[in-house]
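Below is one structure, written out as structure tokens; comments come after it.
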Amino acid sequence: LVAAATLQVAEDLRVTSLRARAALGLLLTPLALSSGAITLADAAGFEDHDDFSRPDRRPCLQSANYAALAELPPGIVAADVSFGPFMLALTPHAVLAAPYHRLSVGILSAHQALALPPMRARAVLEQSGATYVLACGSRPPDGIAAADLPRSLWAQLRAGLVPDWLEPMSARGDPLAVYRIVRPGPPA
């Protein structure tokens, strides 16, 4: 696309020398266009805002905060899709969701588990084979409807309302709140 655009712009501007066409081609590369757009935005006074940089999620994206999770016996962790790469890289755990398009079933299951009320979330988590649930940050996972948020498993966990089928595995105040899914024992 850059080459085609360069040829068209060079023709429209009647640029004929090879050197001028090469310079024009460099100016139309994605890197140059992005750098120019960022420079113009900075010059116009646009700044990073807290809503964009999500400071409430910073602790969720710091490698050191995954050390306690890494010490737990290996299992499958259900969490916001954004945290999947960190868990895969820093812990022995598998993840239900990570931002990889081939994990669509897991992504949907993890999202449903966090978005549904606790009893419905339990069924999703048991069907998925998850071992742990992880919640982090004060910003809910993307895509939970505002009307559904207060009843969601994610909101309940963040409010300290832990259902009896989840066992807290992290210390109070840890950025990553980790819960083990308690499976019913064999009948007596």
Side-chain angles (χ1 to χ4, degrees), residues 49-188:
H49 295 284
D50 287 345
D51 290 344
F52 181 74
S53 61
R54 300 180 181 178
D56 56 325
R57 284 204 175 182
R58 283 189 192 126
C60 310
L61 306 176
Q62 293 173 342
S63 298
N65 291 335
Y66 286 84
L69 177 62
E71 293 176 10
L72 295 175
I76 300 172
V77 183
D80 184 310
V81 67
S82 303
F83 310 138
F86 292 90
M87 290 183 283
L88 289 173
L90 302 169
T91 75
H93 303 292
V95 297
L96 198 55
Y100 312 119
H101 71 281
R102 293 180 186 232
L103 292 177
S104 58
V105 171
I107 291 169
L108 292 172
S109 294
H111 177 76
Q112 286 178 332
L114 296 171
L116 291 171
M119 290 316 294
R120 291 180 55 203
R122 180 181 190 176
V124 171
L125 290 165
E126 286 179 356
Q127 185 177 21
S128 72
T131 312
Y132 303 102
V133 175
L134 180 142
C136 187
S138 59
R139 186 176 185 282
D142 293 332
I144 299 179
D148 297 333
L149 184 59
R151 294 181 305 277
S152 71
L153 175 62
W154 182 88
Q156 299 291 307
L157 293 175
R158 297 309 303 157
L161 304 171
V162 181
D164 62 356
W165 52 272
L166 287 177
E167 176 185 5
M169 302 301 290
S170 52
R172 184 177 290 270
D174 281 356
L176 303 181
V178 181
Y179 306 88
R180 185 177 62 81
I181 299 169
V182 178
R183 304 275 188 231

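With hydrogens and angles ignored, the 3.5 Å screen pairs a side-chain donor or acceptor of Tyr66 with a backbone N or O of Cys60. With Arg151 contributing its side chain and Gln156 its backbone, the two residues share no donor-acceptor pair below 3.5 Å. Counting only distance, with no hydrogens or angles, the side chain of Ser109 and the backbone of Gly106 share no donor-acceptor pair below 3.5 Å. Asp174 places a side-chain N or O within 3.5 Å of a backbone atom of Ala171 that can act as its donor or acceptor partner.
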*Passes side chain to side chain contact (heavy atoms under 4.5 Å, CB included), Leu90 versus Ser63? Steps please.*
CA-CA 7 Å; Leu90 302 169; Ser63 298; 3.6 Å; yes
_Using side chain to side chain contact (heavy atoms under 4.5 Å, CB included), reason through Leu114 and Val133 one step at a time and then give a plain yes or no._
CA-CA 9 Å; Leu114 296 171; Val133 175; 4.2 Å; yes
_Check against side chain to side chain contact (heavy atoms under 4.5 Å, CB included), Ile181 and Leu166_ = CA-CA 5 Å; Ile181 299 169; Leu166 287 177; 3.7 Å; yes
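Other residues, nucleotides and ligands place more than 12 heavy atoms under 6.0 Å from the CZ atom of Arg158. Residue-environment remark: CD (Gln127) stays at or below the threshold of 12 foreign heavy atoms within 6.0 Å.
A 4.5 Å side-chain heavy-atom check between Leu88 and Tyr100 finds at least one atom pair inside the cut-off. You'll find the side chain of Ser152 stays beyond 4.5 Å of the side chain of Leu157, heavy atoms only. With a 4.5 Å cut-off on side-chain heavy atoms, Pro59 and Asn65 count as touching. Under the 4.5 Å side-chain criterion, counting only non-hydrogen atoms from C-beta, Glu126 is in contact with Arg183. In this structure the side chain of Val77 never reaches within 4.5 angstrom of the side chain of Thr91, judged on heavy atoms. No side-chain heavy atom of His93 sits under 4.5 Å from any side-chain heavy atom of Thr131.
The nearest pair of heavy atoms linking Ala113 to Ala121 is O-CB, 3.0 Å. Across Pro92 and Leu72, no two heavy atoms sit closer than the pair CG-O, 4.3 Å. Shortest non-hydrogen contact noted between Leu176 and Cys136 is CD2-SG, 3.5 Å. Nearest heavy atom pair, residue Pro99 against residue Val81, reads CD-O, 3.3 Å. Closest non-hydrogen pair, Arg58 versus Gln62, comes out as O-CG, 3.2 Å. When all heavy atoms of Leu153 and Leu125 are compared, the pair lying nearest together is CD2-CD1, 4.2 Å.
Within the model, atoms CG of Leu69 and CE of Met169 stand 10.0 Å from one another, a figure rounded to the nearest 0.5 Å. A distance of 10.5 Å separates CZ of Arg139 from CD1 of Ile144, quoted to the nearest 0.5 Å. Here the CG atom belonging to Leu61 is positioned 6.0 Å from the CZ atom belonging to Phe83, to the nearest 0.5 angstrom.
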